[in-house]
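Beneath this line is the structure, given in structure tokens, with notes to follow.
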Number of protein chains: 2
Amino acid sequence: MNQVSTYKSIEWKEDRLVLLDQRVLPREISYIEYKHHEDVAKAIKDMVVRGAPAIGATAAYGLVLATREKATKELSELRNYLSKAAELLQAARPTAVNLFWAIDRVIKKAHEDSIKTVEDLKKVVLNEAHQIAEEDIEMNKKIGLNALPLCSEKVTFIHHCNTGALATVDYGTALGIIRTAHEHGRDVFVYVDETRPRLQGARLTSWELKQLGIKHKVIVDGASGYFMATGKVDLVTVGADRIARNGDTANKIGTYNLAIVAKAHDVPFYVAAPTSTIDLSIANGKEIKIEERSAEEITTILGQQITPDDVNVANPAFDVTPAKYITGIITEMGIARPPYEKSLTEMVERAENERKK
Amino acid sequence: MNQVSTYKSIEWKEDRLVLLDQRVLPREISYIEYKHHEDVAKAIKDMVVRGAPAIGATAAYGLVLATREKATKELSELRNYLSKAAELLQAARPTAVNLFWAIDRVIKKAHEDSIKTVEDLKKVVLNEAHQIAEEDIEMNKKIGLNALPLCSEKVTFIHHCNTGALATVDYGTALGIIRTAHEHGRDVFVYVDETRPRLQGARLTSWELKQLGIKHKVIVDGASGYFMATGKVDLVTVGADRIARNGDTANKIGTYNLAIVAKAHDVPFYVAAPTSTIDLSIANGKEIKIEERSAEEITTILGQQITPDDVNVANPAFDVTPAKYITGIITEMGIARPPYEKSLTEMVERAENERKK
């Protein structure tokens, strides 16, 4: 894989998948090796790997492992096995559409008529997984370049969750925009939402920004309005887990509050995601299933309990930001503007045509 | 003191002040005794005790300790000593006006002509501190009753930070409203903002609500919009650290975001505070000094570091919610409505007249 960061969220090594364990960053740099797709599904569920594009690519490699687990010479038997593996991987997390998109793409390839043997199938699946990973990096770099005209010489962002190299195969989406601006000589500063409950901002985004040499300060999620009120924030950039046809966007919990607060301050609010995050099959955000995660994510931090015993908790992992709060959606194909139904549909068609070339 | 909860945030015992250590709740119920005003100032600074009304009463008792520390028969010498103690206590935290209000009130009393001896002075100061504490509880109960007409038979709140018995001498302000509704048979449910960085919601409010038998769920601060979008939230209630003449309100960081999000959902947003929190001397929120607290409040939780080493942090402890986001300000005198300059000024005058009676 063509990677550009010093750390690799996802790496295929000969016969196994290697994931950087994002649960223990930044205090521990630990890589875990996977040789079975069931373990990969669990890694996605447990958030060893997270970020919509990253879990898409991870699932694709999970399918590569599935093709190698099964000792058979029967193509149809291996295809059946692969389909079951796909079902398991799809069930790992419900909200990010990239997971389904990547699996569909691999499964479709695995059923092409040109495949005659199990060896063919193994090769095709590995090749498609590599393709997905490679494309992800290229798309992210394009997203960054497409957003560059939005960044003035001195530009201050608020960024939510983590959308960097860790959330993707490499480079990042919303954080890729920040990175591109920095690489193009802009004077960049980032207010980093810590992003409770799992603290992806405090733990992961600050860690990435530090290595990139980009100035930043970590803030609590509730402080974004305070800093916008100072007039010093130029742009809010976030990633996406699923974008509906009308532009409604599911992303990490707290994104919706941030979007409302940005609008109240006339701060442009941009979503950055590859076109694979756009789900034209759903009309709007009401159709997006929101994952409810365990209470422990809120009641304990680093294994220590912070709340009283047996406290009740509600822990939706994502929220949906209605399209009306979104200034633009930046993909590898350009910046989609309202009305999104038209611009997103056109953008996805263009992306598909380009891929077919 | 006339207290109604099973735990006491602040208690005067014969010759010493006893504070419930709110830094270690709920995992530890620990009371600390104070015999010197300098230690009381440090307790306020370190947030052993917090909440605007609670730190006001605590400072008053700090002055009681000051009158007892100094071995002198000279009234003027003791008054000088008291004034220095007042300065130290005032410097403990800059934002909550109740601290200044309570100290001013005690110091004014300490200079009354009727005081002839140091023994008189000691008595008067102790009496005034008791008075402030007693009044606080009574005012909170009135706030609760004044807000009762806003609560329907089944009522769901979002609550930020902690404004309960722990944040006051007893009973609470915004949480007192919730408590009153519950005591009057309303079917009450509370979404409890965990309130980063110090987690007063997750640690303290949930602990109080549990003991009161009030249904609740802890949520991350970024999730308030998610729950408002479900249509299930009727009211947002928060406390205040300082209210300017025009109604702009300083309160715990995250309050401003919550107010903006409430307005976007047409959810009424009420501030609850005794009239002692209203600072008519300042025209608007721009004049309120916002305390910046240590980076460690964000970078570590229960002593464990969550961020990379040497990360930069911005940690304003409060924000200012402009009056336009506030549906009403509920005090012991009633509910002030916009325009606040008129309603708050009138309310403070009425409160002062009542006190003089």
Side-chain angles (χ1 to χ4, degrees), chain A residues 25-27 160 191-197 199 202-203 206-207 210 215-227 229 252-261 263-265 290 295 297-299 301-316 318-322, chain B residues 25-27 160 191-197 199 202-203 206-207 210 215-227 229 252-261 263-265 290 295 297-299 301-316 318-322:
Chain A
L25 281 176
R27 64 189 193 290
H160 192 67
Y191 286 111
V192 178
D193 258 4
E194 64 169 2
T195 318
R196 281 283 289 153
L199 298 163
R203 295 191 299 110
S206 66
W207 186 73
K210 195 180 171 188
K215 291 177 286 182
H216 62 282
K217 283 187 178 177
V218 176
I219 61 172
V220 297
D221 303 328
S224 47
Y226 176 91
F227 291 103
K252 183 54 51 198
I253 193 74
T255 302
Y256 177 36
N257 277 17
L258 184 59
I260 296 169
V261 171
K263 195 174 190 82
H265 293 91
I290 299 296
E297 290 191 347
I298 292 179
T299 60
I301 296 178
L302 297 179
Q304 289 191 91
Q305 187 175 322
I306 52 173
T307 51
D309 291 339
D310 309 318
V311 76
N312 283 319
V313 159
N315 184 22
F318 304 93
D319 55 28
V320 174
T321 300
Chain B
L25 279 176
R27 65 191 193 288
H160 193 67
Y191 286 111
V192 178
D193 258 5
E194 63 169 1
T195 317
R196 281 281 291 152
L199 299 163
R203 295 190 299 111
S206 66
W207 187 72
K210 194 180 172 188
K215 290 176 287 183
H216 62 283
K217 283 187 178 178
V218 176
I219 61 172
V220 296
D221 303 328
S224 48
Y226 176 90
F227 291 102
K252 182 55 51 200
I253 192 76
T255 302
Y256 177 36
N257 278 16
L258 184 59
I260 295 170
V261 171
K263 195 176 190 80
H265 293 90
I290 299 297
E297 290 191 348
I298 292 179
T299 60
I301 295 178
L302 296 179
Q304 288 191 91
Q305 186 176 320
I306 52 174
T307 51
D309 292 339
D310 309 318
V311 76
N312 284 319
V313 160
N315 184 21
F318 304 93
D319 55 29
V320 174
T321 300

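Throughout, protein chains are lettered first and strands after them, A, B, ... in sequence-line order, and every chain is numbered starting at 1.
Note: A/Leu199 leads A/Asp193, A/Val192, A/Leu199 in heavy-atom pairs under 4.5 Å with chain B. Taking chain A as the reference chain and counting heavy-atom pairs below 4.5 Å, the highest number among B/Val311, B/Ile301, B/Val320, B/Asp310 is found for B/Ile301. Per-residue counts of heavy-atom pairs under 4.5 Å with chain B were compared for A/His160, A/Arg27, A/Arg203; the largest is that of A/Arg203. Among the candidates A/Leu25, A/Leu302, A/Thr307, A/Ile298, the residue making the largest number of heavy-atom pairs closer than 4.5 Å to chain B is A/Leu302. By number of non-hydrogen pairs under 4.5 angstrom with chain A, the leading residue of B/Thr195, B/Ile290, B/Thr299 is B/Ile290. Comparing B/Asp309, B/Thr255, B/Asn315, B/Ile253 by how many heavy-atom pairs each has under 4.5 Å with chain A, the most go to B/Ile253. Across B/Pro316, B/Gly254, B/Pro197, B/Ala264, the residue that shares the most heavy-atom pairs under 4.5 angstrom with chain A is B/Pro316.
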(request) Assess whether side-chain contact (heavy atoms from CB on, under 4.5 Å) is satisfied between B/His265 and A/Ile260, documenting all intermediate values. (result) CA-CA 10 Å; B/His265 293 90; A/Ile260 296 169; 3.7 Å; yes
(message) Using the rule given for side-chain contact (heavy atoms from CB on, under 4.5 Å), can you reason through A/Lys217 versus B/Val313, listing the C-alpha separation, both sets of side-chain angles and the distance that settles it, and then say yes or no?
(response) CA-CA 5 Å; A/Lys217 283 187 178 177; B/Val313 160; 5.9 Å; no
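Between the side chain of A/Asp319 and the backbone N or O of B/Tyr226, no donor-acceptor pair lies under 3.5 Å. Distance alone, capped at 3.5 Å, is enough to place a donor-acceptor pair between the B/Asn257 side chain and the A/Gly225 backbone.
Of the two parts of A/Ile306, the backbone and the side chain both hold a non-hydrogen atom closer than 4.5 Å to a non-hydrogen atom of chain B. Of the two parts of A/Leu258, neither the backbone nor the side chain holds a non-hydrogen atom closer than 4.5 Å to a non-hydrogen atom of chain B. When heavy atoms are compared at a cutoff of 4.5 Å, A/Glu297 does not approach chain B at all. For A/Phe227, the part sitting under 4.5 Å from any heavy atom of chain B is the side chain, from C-beta outward, and nothing else. Both the backbone and the side chain of A/Val261 come within contact range of chain B, with heavy atoms under 4.5 Å apart.
Residues that satisfy the side-chain contact (heavy atoms from CB on, under 4.5 Å) test with A/Pro322, not counting sequence neighbours, are A/Asp248, A/Tyr256, A/Lys324, A/Tyr325.
Residues B/Pro26 and A/Pro308 come closest through the heavy atom pair CG-N, 3.5 Å.
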